[in-house]
Amino acid sequence: RGRSWENGAYLAGSLSENRRPIPTEVPCGHFWRHLLVPKGGKSAPRRKNRIEGEGILPEESIGSFSCAFGSIQMGEMFAFALGLFVSLADALDTSVRHNQAGACFCPHVFVSLSERTMPQRKIIHIDMDAFYASVEQRHDPSLRGRPIAVGHDGPRGVVSTASYEARPYGVRSALPSVTARRLCPELIFVPARFDVYKAVSQQIRDIFREYTELVEPLSLDEAFLDVTHERSATLVAREIKARIRRQTELTASAGVSVNKMLAKIASDYRKPDGLFTIAPSEVEAFVAALPVERFFGIGAVTAERMHRMDIHTGADLRQWDEAALVQRFGKAGHAYYGYARGVDEREVEPHRVRKSVGAETTFAEDTDDRTRLSMELAAVREEVWNRIQRHEFRGKTVVLKLKYDDFRQITRSKTLFTAIDSDEALCRVSEELLAGVDFHGRKVRLIGLTVGNTPEACADCVQLRFDFGEE
């Protein structure tokens with residue numbers, strides 16, 4: 001550290017300024033011979049007296065060498081050699097971490113870096129089990145073992161989280177409260193307390209950061225951790241789970257693998273309170289047998305499209321070339337091509353800025369009834385607001401999305417001077433947008449709402465105000 005290469009010269013404090021740099025034309029295969037072996041060559045005989053200009057070492061001068069840098073003392077030479085090894089290791093480490101081939105300081109040292117020299121990434125995905133509901137059951141022991149849902153119980157309410165006792169009935173996140181009540185008449189609704197959830201989430205993140213600084217929170221209840229530096233990612237995941245349980249009385253599920261996609265899939269395999277590892281040697285077979293519905297970024301609609309193309313598993317998906325997938329699925333096709341091969345190059349980003357938060361719903365029957373559309377929009381809006389709080393997101397632009405019965409899609413948006421800070425503000429803007437849409441006699445089959453344009457994405461941007469007066 002603190003040493004650098006400049007114009008082919010290694011700058012070290014132990015070398016005087018008048019000593020020559022390493023000649024850049026010397027092949028590194030012969031580098032050490034050039035550095036330490038007398039100029040007479042490897043087989044040159046040792047002589048009693050120094051021959052002027054040849055750099056041959058006298059026998060009695062055992063404490064020094066003459067080399068490309070001039071005459072240096074033995075201890076100084078070893079210090080230099082050690083420093084050179086450190087620099088080489090640093091350069092190699094930097095090249096590997098940045099996934100570069102042949103990017104080392106000396107062009108002759110490494111023409112390329114094979115995959116075997118690249119460190120295998122170790123990624124953990126931690127997902128809290130029914131987080132909101134579990135916090136409420138911890139707070140009120142009378143709720144333990146009973147089916148509960150966190151959310152608003154009303155005609156326009158939406159379930160934020162359901163306890164595991166409620167899930168066998170079909171109650172799940174984002175389900176309208178009316179539907180949830182019909183599926184499980186004994187369901188207990190508990191209002192959300194996001195201030196409490198945020199405090200517990202911070203407590204959990206503090207545990208993560210004791211193991212690595214590379215923590216990427218996805219929401220209040222899940223995060224990616226890069227623990228490549230650790231000897232065993234599985235042991236780290238097991239220890240983190242134990243500490244979360246001990247310090248919060250809550251359970252978490254963990255997935256461990258070589259990238260974010262596989263780690264996220266693995267965390268869902270043995271819920272609740274599960275731990276599942278997909279080792280490097282298991283990736284190919286695991287991905288081949290994986291149903292496409294389980295792949296990251298493939299939802300129900302996309303999975304159905306794939307099924308119609310006779311794509312049901314990772315092995316089926318792998319039969320398609322990248323160009324064909326891009327043609328069918330747009331830019332997402334690039335990701336699908338990699339996922340089918342267990343490849344996900346995304347890094348764990350501690351400071352990743354989320355660009356938007358949204359939700360949408362498709363109706364069982366198309367409709368142009370504005371009263372019903374307003375009710376459907378209310379349910380979507382509540383889900384969006386829950387996600388805004390879960391992801392601690394702030395956005396200034398509200399976008400309404402409508403898809404008609406002929407599959408044509410339109411959007412309407414409004415940008416505010418400040419970020420949406422309440423569900424009332426979100427309600428007001430979204431209802432204004434819906435009221436301003438002329439259906440032109442068509443029916444609507446899908447309605448969606450998104451909040452974007454976060455101030456964090458452009459901290460230096462300023463919304464200008466213009467006073468145009470009255471005409």
Practice item. With rounding to the nearest 0.5 Å, note down the distance linking OH in Tyr197 to CG in Leu220. Key: 10.0 Å

Point to revise | Worked check of salt bridge (charged side-chain N to carboxylate O under 4.0 Å, His left out) between Lys241 and Asp273 | key: CA-CA 8 Å; Lys241 279 168 46 65; Asp273 197 20; 2.8 Å; yes

Exercise for review: Could you tell me whether Arg370 sits above the aromatic face of Phe439, with NZ or CZ closer than 6.0 angstrom to the six-membered ring centre and within 45 degrees of the axis?
Suggested key: yes

Point to revise | Shortest non-hydrogen separation from Thr361 to Glu376 and the atoms involved | key: CG2-OE1, 4.1 Å

Practice item. Answer yes or no: does atom CD of Gln203 have more than 12 heavy-atom neighbours from other residues, nucleotides or ligands under 6.0 Å? Key: yes

Check your understanding: Between Leu275 and Ala237, what is the shortest heavy-atom contact and its length?
Key -> CD1-CB, 3.8 Å

Check your understanding: Going through the distances and angles, do Arg245 and Glu249 end up as a salt bridge (charged side-chain N to carboxylate O under 4.0 Å, His left out)?
Key -> CA-CA 5 Å; Arg245 186 168 198 145; Glu249 301 179 47; over 6 Å; no

Check your understanding: Do the side chain of Ser257 and the main chain of Leu262 share a donor and acceptor less than 3.5 angstrom apart?
Key -> no

Check your understanding: Closest heavy-atom contact between Arg341 and Trp320?
Key -> NH2-O, 4.1 Å

Check your understanding: Can you name the nearest heavy-atom pair linking Gln137 to Ser163, along with the distance?
Key -> NE2-CB, 3.8 Å

Point to revise | Over 12 foreign heavy atoms within 6.0 Å of CD, Glu210 | key: yes

Exercise for review: Assess the pair Tyr269 and Phe286: is the distance between their ring centroids shorter than 6.0 Å?
Suggested key: yes

Revision key, fill the gap. Between the CG atom in Leu433 and the NZ atom in Lys414, the distance rounded to the nearest 0.5 Å is 7.5 Å

Check your understanding: Would Lys403 and Glu360 count as a salt bridge (charged side-chain N to carboxylate O under 4.0 Å, His left out) if you check the C-alpha gap in whole Å, the side-chain angles of each, and the deciding distance to 0.1 Å?
Key -> CA-CA 10 Å; Lys403 184 178 288 186; Glu360 61 185 38; over 6 Å; no

Check your understanding: About how many Å separate CG of Leu187 and CD of Glu165, when rounded to the nearest 0.5 Å?
Key -> 11.0 Å

Check your understanding: Rounded to the nearest 0.5 Å, how far apart are NZ of Lys260 and CD1 of Ile124?
Key -> 14.0 Å

Point to revise | Arg270 NZ/CZ over Phe276 ring centroid, <6.0 Å and within 45° of normal | key: no

Check your understanding: Testing Glu239, His229, Glu230 for side chain to side chain donor-acceptor pair (under 3.5 Å) with Tyr211, which one passes?
Key -> Glu239

Practice item. For a side chain to side chain contact (heavy atoms under 4.5 Å, CB included) with Pro280, tell me which candidate from Lys122, Gln120, Arg121 qualifies. Key: Gln120

Exercise for review: Could you tell me whether Gln327 atom CD has more than 12 heavy atoms of other residues or ligands within 6.0 Å of it?
Suggested key: no

Check your understanding: Hey, is the main chain of Thr248 close enough, under 3.5 Å, to the side chain of Arg138 for a donor-acceptor pair?
Key -> yes

Review point. Do Arg193 and Tyr132 meet the cation-pi criteria used here (NZ or CZ under 6.0 Å from the six-membered ring centre, within 45° of the axis)?
Key: no

Review point. Using 4.0 Å as the upper bound for N to carboxylate O, is an ion pair formed by Arg318 and Glu284?
Key: yes

Point to revise | salt bridge (charged side-chain N to carboxylate O under 4.0 Å, His left out) assessment of Lys271 paired with Asp129 | key: CA-CA 7 Å; Lys271 272 184 164 292; Asp129 299 323; 2.7 Å; yes

**Study point:** Stepwise side-chain hydrogen bond (donor to acceptor under 3.5 Å, both in side chains) check, Asp153 with Ser177
**Key:** CA-CA 6 Å; Asp153 183 13; Ser177 299; 5.4 Å; no

Point to revise | Cation-aromatic face contact Arg346/Phe296, 6.0 Å, 45 degrees | key: yes

Point to revise | Aromatic ring proximity Tyr336/Phe295, centre distance under 6.0 Å | key: no

Review point. Distance under 6.0 Å and angle within 45° of the ring axis: does Arg205 meet both against Phe208?
Key: no

